[in-house]
2 protein chains.
Amino acid sequence: MTDSVREAVQEKLANGIFNCPKELTLSMISGKWKINILYHLGTDGPYYFYELQKLLPAASRKEITAKLKELVEDGLVNRKPLKTVPVKVQYSITPLGKSLMPIIDAMLKWGQQRLDDLQLGQVEFGLGKVKHE
Amino acid sequence: MTDSVREAVQEKLANGIFNCPKELTLSMISGKWKINILYHLGTDGPYYFYELQKLLPAASRKEITAKLKELVEDGLVNRKPLKTVPVKVQYSITPLGKSLMPIIDAMLKWGQQRLDDLQLGQVEFGLGKVKHE
DNA sequence: CGGAATCCAAAAAGATACTG
DNA sequence: CAGTATCTTTTTGGATTCCG
C-alpha cells in the first residue's frame, strides 16, 4: 500500500492541494526496504549498489533499484555512477535524507523498547548468519 | 507494499528471529491511512467508525475496516462496540498508541518544514471543501 | 555491475450486495 | 451503523533475459 500513499502524495503535491504534512514524511520513508536503505546510508556512509544488495539479501535487485530510484527522486539519496569497468554506482545520503535520521532513530528506539516489553529483545539469533538489515 | 512489510515483521516476530526494531515501528504505522487514523484518535480523542469515515473521505469502508483491525491487533487502538440500535463502534487510542505520538508529531513537523522549503506550505485550498485528513 | 524490459503469478483494492 | 462476502480490475513482485 505504502507506495500508493507515495503516489497519492505526489499527486497532491502536483495539484498544490497538499495539506497533510505527515503523509509527505511517511510517503518518503515507507515502502519496502526504504528505511533500511536510509538507515544504512545514514549511519555507515556511502555504499555501492552491490553492497546494498548484500545488506538486504531478501530484497530483489528489481526492488532495490526501484526504491533507490524513488529515494533519489525525493532528494534523500545521491546517485553517483563511476566510470569503471564494470560499472559501479555509489549511493550516499543527502543532507535532506540526513535530516530524517532523528525520526528513523526514534523509530528504532521505540521498536527496541517494544521488543523488550514483548520479551523478545534478547532473543537468540538462531539460523547461523542472520542478515542484520 | 507496506502491508507486506507488516506481514514480514509479523512472521519474524512469530519465529523469534526479529532483529530490526525500526521495521517493527514502521510496520505498525505505515499502511494506507494508518497514521491519519492514529493522529486523529491521538489528538482529537475517540471517534465512532462513521466519524472516521467522514474524516477520511477518500478511503473506502473496506480499507478503514481493515486498517482499524490491524491497529487493534497491534495494540495501538481500542475497539468498543456500543449496544445501541443501530450499532455504533467507538475507537480510541491506547497508551501504546499514544507512545507513538512523538514520532508522528516529528513526522508532521518534518513534513511541514519540507513543504515550506518547497514553498507549498501556504498553498490555497482550491476545490471548495478540502478534506483535511 | 547496474539496470531496463518482458512475462507471469500473487496480492491489493474498488464496486456492489448482503446481514445483524 | 458497522461490518462481511464476492467479484473484478489494478497493482505489485518474482524470475528471467538482454544490454552498456
Side-chain angles (χ1 to χ4, degrees), chain A residues 1-11 23 26-27 30-34 36-37 40-41 46-73 77-92 131 133, chain B residues 1-11 23 26-27 29-37 40-41 46-73 77-92 131 133:
Chain A
M1 140 264 96
T2 299
D3 283 344
S4 48
V5 170
R6 186 172 177 274
E7 276 179 31
V9 169
Q10 298 280 328
E11 200 182 312
E23 269 187 54
L26 185 65
S27 78
S30 65
K32 226 172 173 178
W33 313 114
K34 273 190 174 184
N36 294 301
I37 295 172
H40 282 301
L41 295 181
Y47 279 114
Y48 295 117
F49 185 90
Y50 72 92
E51 293 177 310
L52 288 173
Q53 276 190 285
K54 286 183 192 165
L55 288 167
L56 305 167
S60 71
R61 185 169 43 168
K62 184 178 171 182
E63 274 195 301
I64 299 181
T65 302
K67 295 312 167 187
L68 281 171
K69 199 171 185 177
E70 292 181 359
L71 290 168
V72 170
E73 285 172 7
V77 167
N78 281 318
R79 182 181 182 276
K80 181 175 165 190
L82 305 184
K83 309 256 176 225
T84 58
V85 178
V87 178
K88 279 188 183 184
V89 180
Q90 189 191 61
Y91 288 93
S92 57
K131 46 204 173 186
E133 293 153 9
Chain B
M1 140 260 97
T2 298
D3 283 344
S4 50
V5 170
R6 185 171 178 274
E7 277 179 30
V9 169
Q10 299 280 328
E11 199 183 313
E23 270 187 52
L26 185 65
S27 78
I29 64 174
S30 66
K32 226 172 172 179
W33 313 114
K34 273 189 174 184
I35 57 163
N36 294 301
I37 295 172
H40 281 303
L41 294 181
Y47 279 113
Y48 295 117
F49 185 91
Y50 73 91
E51 293 177 310
L52 287 172
Q53 277 190 283
K54 285 183 193 167
L55 289 167
L56 306 167
S60 70
R61 185 167 43 170
K62 183 178 169 183
E63 275 194 300
I64 299 180
T65 302
K67 296 311 167 187
L68 280 171
K69 200 171 186 177
E70 291 180 0
L71 289 169
V72 170
E73 284 173 7
V77 167
N78 281 318
R79 180 180 182 276
K80 182 175 165 191
L82 305 184
K83 309 256 175 226
T84 56
V85 178
V87 177
K88 279 188 183 183
V89 180
Q90 188 191 63
Y91 289 92
S92 57
K131 44 205 174 186
E133 291 150 11

**Study point:** Close side-chain approach of A:N36 and A:L56, heavy atoms under 4.5 Å
**Key:** yes
Review point. Should A:Y91 be listed as having a side-chain N or O under 4.0 Å from OP1 or OP2 of C:dG3?
Key: yes
Check your understanding: Does B:K32 have a side-chain nitrogen or oxygen under 4.0 Å from the phosphate oxygens OP1 or OP2 of C:dG14?
Key -> yes
Point to revise | Below 4.0 Å: OP1/OP2 of C:dG3 and any side-chain N or O of A:R79 | key: yes
Review point. Whole-Å distance between D:dG14 P and A:Q53 CD?
Key: 13 Å
Revision key, fill the gap. B:A66 meets the side chain to side chain contact (heavy atoms under 4.5 Å, CB included) criterion, sequence neighbours left out, with none
Review point. Would one find a side-chain N or O of B:T65 under 4.0 angstrom from OP1 or OP2 of D:dG3?
Key: no
Review point. Should A:R6 and A:E73 count as an ion pair when the cut-off is N to O under 4.0 Å?
Key: yes
**Study point:** Heavy-atom donor-acceptor pair, B:K62 side-chain to C:dG14 base, under 3.5 Å
**Key:** yes
**Study point:** Audit row: B:L71, B:I37, side chain to side chain contact (heavy atoms under 4.5 Å, CB included) steps and yes/no
**Key:** CA-CA 9 Å; B:L71 289 169; B:I37 295 172; 3.8 Å; yes
Point to revise | Distance-minimising heavy-atom pair for A:Y47 and A:H40 | key: CE1-O, 3.7 Å
Check your understanding: Among C:dA13, C:dA4, C:dG20, which is the nearest nucleotide to the side chain of B:E63?
Key -> C:dA13
Point to revise | Atom-pair distance (CG on A:L82; P on C:dG2), nearest Å | key: 9 Å
Practice item. For the pair A:Y91 and A:F49, name the ring-plane relationship: parallel under 30°, tilted 30 to 60°, perpendicular over 60°. Key: tilted
Check your understanding: Is B:Y47 near enough to D:dA2 that one of its side-chain N or O atoms lies under 4.0 angstrom from OP1 or OP2?
Key -> no
Study note, to complete from the structure: One would report the end-axis bend of the helix from C:dG2-D:dC19 to C:dG20-D:dC1, five pairs per end and rounded to 10 degrees, as 40°
